[in-house]
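Input: a single structure, listed below in structure tokens.
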There are 2 protein chains.
Amino acid sequence: MVAAKSNIKTYKAFQTEVESSNRIALSVDCVIFGFDENKLKVLLIRSDLKKYEGKWSLLGDLVLPDEGLDEAAYRILKQRTGLSDVFLEQVHTFGEIGRHPVNRVVTVAYCSLINVQHHKLKILDNELHWHDVDSISDMAFDHKIIFDTSLSQLQKRVREHPLGFSLLPNKFSLRELQNLYEAILNVKLDRRNFRKKFFSMDFLIDLDEVETDVPHRPGKLYRFDYVKYEKSAKNWNGIAF
Amino acid sequence: MVAAKSNIKTYKAFQTEVESSNRIALSVDCVIFGFDENKLKVLLIRSDLKKYEGKWSLLGDLVLPDEGLDEAAYRILKQRTGLSDVFLEQVHTFGEIGRHPVNRVVTVAYCSLINVQHHKLKILDNELHWHDVDSISDMAFDHKIIFDTSLSQLQKRVREHPLGFSLLPNKFSLRELQNLYEAILNVKLDRRNFRKKFFSMDFLIDLDEVETDVPHRPGKLYRFDYVKYEKSAKNWNGIAF
DNA sequence: AATTATTGTGTAAAATTTACACTTTAAATT
DNA sequence: AATTTAAAGTGTAAATTTTACACAATAATT
């Protein structure tokens with residue numbers, strides 16, 4: 001009796017298949033958002049490719065053979081900003097044929113939110129620069145598309161989860177929080193309704209402190225209660241404005 | 001005067017960098033959802049790796065050097081189901097070090113929604129099988145995680161956009177539509193409120209036909225107005241249940 | 001003709017969202 | 001010290017959306 005035709009491949013067979021296919025390079029690009037002077041910013045670097053000389057690009061690197069994708073993104077963040085322990089989320093993977101002028105490079109985009117006031121944050125490289133998100137026109141590679149996708153996703157996420165706090169200093173006033181949301185969503189919000197909404201969710205901790213050095217009545221300062229948020233996040237419906 | 005130290009790399013330099021790094025293989029895996037007998041289904045194939053013999057896996061393949069990611073996903077769908085022109089959306093990219101037992105393979109997951117009643121649909125391969133989504137336990141590789149991620153994303157998407165229609169025949173009754181939503185979201189919905197909601201959005205076309213061969217009062221049949229949806233999608237707030 | 005199973009329909013209460021203006025406070029100015 | 005300035009802090013009513021809920025109509029089956 002003849003054995004039934006089998007579809008099962010050995011390891012060897014698979015390995016051969018992988019090796020014989022032309023390889024594709026894999027990179028990670030980070031869209032690093034910050035918030036400063038009431039503006040949403042993104043951290044960019046001058047392109048290191050001659051073709052894109054003078055253009056700005058996202059912070060990225062090839063993924064190392066022995067590191068995961070998230071890991072690669074964290075490495076880039078750490079290298080470029082000195083920060084670890086920051087918000088980081090995969091956004092989308094971009095793999096159009098012609099997206100890189102030299103090689104076939106598929107890139108996994110990550111969105112990161114950092115607090116630019118953080119004392120550890122040092123922009124180590126003078127090729128790096130914080131750009132206003134609304135003054136970005138063209139960029140190197142397909143990075144404008146990646147950036148646009150990431151910003152859209154941030155706008156969506158920030159309505160569903162209070163991620164925005166990652167962009168603020170630990171202590172912040174409600175005005176700062178509202179400015180942040182207005183900057184991200186690019187809308188004007190009603191102050192009373194905004195306050196009502198945020199107080200109705202239970203994760204602002206009143207610090208019993210107030211702003212200093214403001215030329216008017218100072219606002220109270222709060223911090224975000226991550227613990228309470230983690231617990232209540234599931235049964236919260238998001239922010240409607 | 002000495003020229004300032006430059007950060008600019010030539011094509012050559014980049015190419016060398018890419019080539020010298022150990023390469024990572026890239027694949028695409030499709031989570032193909034269907035809806036049949038009032039149950040949400042997913043199309044799986046018996047694993048072709050000896051290690052996972054007897055386990056089921058998603059439909060995937062290595063990405064070819066000259067094809068984009070979406071393109072690769074469409075190719076797989078076409079090969080396995082005979083269908084083109086179906087809903088397809090990238091979900092997430094999985095790149096943990098040990099996720100593939102033989103090689104370093106990073107995979108881009110796609111979610112696809114197909115109408116299993118479609119006349120073109122032929123499951124060509126008898127290694128393929130439609131599984132109830134709620135009876136899936138372990139799978140080959142990290143495919144259970146990929147599947148869970150895709151299902152969660154589907155549940156979320158289906159509340160924001162009426163994607164569900166892709167899973168139904170062209171003509172459907174409101175009961176079928178509700179069954180679909182109940183199957184995807186795994187909840188019971190109020191019939192009157194469900195109908196109200198769907199009629200309040202304007203993209204059901206009354207076909208002036210009714211179900212046949214039902215042993216009770218037949219329901220009216222509708223079809224989905226893709227054109228109207230495309231126009232009104234932007235200013236629609238999603239489905240709350 | 002009666003039974004059966006499901007379709008089709010409306011309304012009232014509850015919850016959420018929106019629109020909107022005046023008083024309070026601290027710093028800066030006179 | 002009094003006045004000015006700029007933003008903080010606060011409540012309510014209307015509109016909208018969501019939820020809960022029950023009975024008459026219809027076609028097929030008996």
Side-chain angles (χ1 to χ4, degrees), chain A residues 37-38 158-162 168-169 171-183 185 187-223 232-241, chain B residues 37-38 158-162 168-169 171-183 185 187-223 232-241:
Chain A
E37 293 169 325
N38 285 340
V158 102
R159 286 170 172 274
E160 295 164 350
H161 300 283
L168 291 177
K171 298 178 181 184
F172 53 85
S173 67
L174 270 177
R175 163 58 56 187
E176 289 174 295
L177 185 59
Q178 185 174 339
N179 285 342
L180 172 66
Y181 273 84
E182 291 182 339
L185 298 172
V187 291
K188 273 284 166 204
L189 302 174
D190 180 272
R191 196 157 54 92
R192 274 182 287 189
N193 293 336
F194 182 85
R195 299 168 77 89
K196 212 188 307 175
K197 189 77 188 182
F198 268 93
F199 285 129
S200 77
M201 10 204 237
D202 222 19
F203 33 71
L204 288 184
I205 297 172
D206 187 336
L207 292 175
D208 273 319
E209 291 177 68
V210 291
E211 293 174 297
T212 52
D213 296 325
V214 287
H216 53 75
R217 177 173 178 178
K220 294 176 81 173
L221 294 177
Y222 299 87
R223 69 182 176 81
S232 68
K234 285 87 200 171
N235 32 332
W236 178 51
N237 274 336
I239 308 164
F241 295 104
Chain B
E37 294 168 326
N38 285 340
V158 102
R159 288 170 169 272
E160 295 165 350
H161 301 283
L168 291 177
K171 299 178 181 184
F172 53 85
S173 67
L174 270 177
R175 162 58 57 187
E176 289 173 295
L177 185 58
Q178 185 174 338
N179 285 342
L180 172 65
Y181 273 83
E182 291 181 340
L185 298 173
V187 291
K188 274 284 166 205
L189 302 173
D190 180 90
R191 196 158 53 91
R192 274 182 287 189
N193 293 335
F194 182 84
R195 298 169 77 89
K196 212 186 309 173
K197 189 78 189 181
F198 268 92
F199 285 130
S200 78
M201 12 205 236
D202 221 20
F203 33 71
L204 288 184
I205 298 172
D206 187 335
L207 292 174
D208 273 318
E209 292 178 67
V210 291
E211 292 175 298
T212 52
D213 297 326
V214 287
H216 53 76
R217 176 174 179 180
K220 296 175 79 172
L221 295 176
Y222 299 86
R223 70 181 175 81
S232 68
K234 285 85 199 172
N235 32 331
W236 179 50
N237 274 336
I239 308 164
F241 293 105

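Letters A, B, ... are given to chains in the order of the sequence lines, protein chains preceding strands, and every chain is numbered from 1. The shown structure was predicted, so the numbers you read here are calculated from the model rather than taken from an experiment.
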Q.
Please find the pair of heavy atoms, one from B:L174 and one from B:F194, that lie closest to each other, and give the distance.
A.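 Closest approach of B:L174 to B:F194, heavy atoms only: O-CE2, 4.0 Å.
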Can you check whether any acceptor in the base of [N] is under 3.5 Å from a donor in the side chain of [X], or vice versa?
X      : N      : answer
B:R217 : D:dA25 : yes
B:R192 : C:dG8  : no
B:K196 : D:dT18 : no

Q: Mind checking the CG-CG spacing from A:L180 to A:L185? Nearest 0.5 Å is all I need.
A: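 Reported value, rounded in 0.5 Å steps: 8.5 Å.
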Spacing between [X] atom [atom1] and [N] atom [atom2], to the nearest angstrom:
X      : N      : atom1 : atom2 : answer
A:K220 : C:dT24 : NZ    : C1'   : 13 Å
B:F194 : C:dT7  : CZ    : P     : 12 Å
B:R191 : C:dT9  : CZ    : P     : 11 Å
A:Q178 : D:dG9  : CD    : P     : 12 Å
A:D213 : D:dA6  : CG    : P     : 18 Å
B:L189 : D:dC21 : CG    : C1'   : 16 Å
B:K188 : D:dC21 : NZ    : C1'   : 17 Å
B:D206 : C:dT7  : CG    : C1'   : 14 Å

Q.
A side-chain contact here means heavy atoms from C-beta on lying under 4.5 Å apart; do B:L207 and B:K220 qualify?
A.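 No. Closest side-chain heavy atoms not under 4.5 Å.
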Q. So, do A:D206 and A:L204 sit near enough that their side-chain heavy atoms are less than 4.5 Å apart?
A.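 SC-SC contact between A:D206 and A:L204 ruled out.
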Q) Between C:dA26, C:dG8, D:dG9, which one does the side chain of B:R195 approach most closely? A)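 Per side-chain heavy atoms of B:R195, the pick is C:dG8.
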Q | Nearest to side-chain heavy atoms of B:P215, which nucleotide of C:dT9, D:dG9, D:dT29 | A |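 Within the option list, the nearest is D:dT29.
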Answer with base, sugar-phosphate or nothing: what part of the nucleic acid does [X] contact at a heavy-atom distance below 4.0 Å?
X      : value
B:D190 : base
B:R175 : sugar-phosphate
B:V210 : nothing

Q.
Closer than 3.5 angstrom, by distance alone: can the side chain of A:E176 be matched with the main-chain N or O of A:S173 as a donor-acceptor pair?
A.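 Checking the backbone N and O of A:S173 against the side chain of A:E176, a donor-acceptor pair under 3.5 Å is found.
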(Q) Judged by each residue's nearest nucleotide on DNA chain D, which is more toward the 5′ side, A:G219 or A:N193? (A)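 On the 5' side of the pair lies A:G219.
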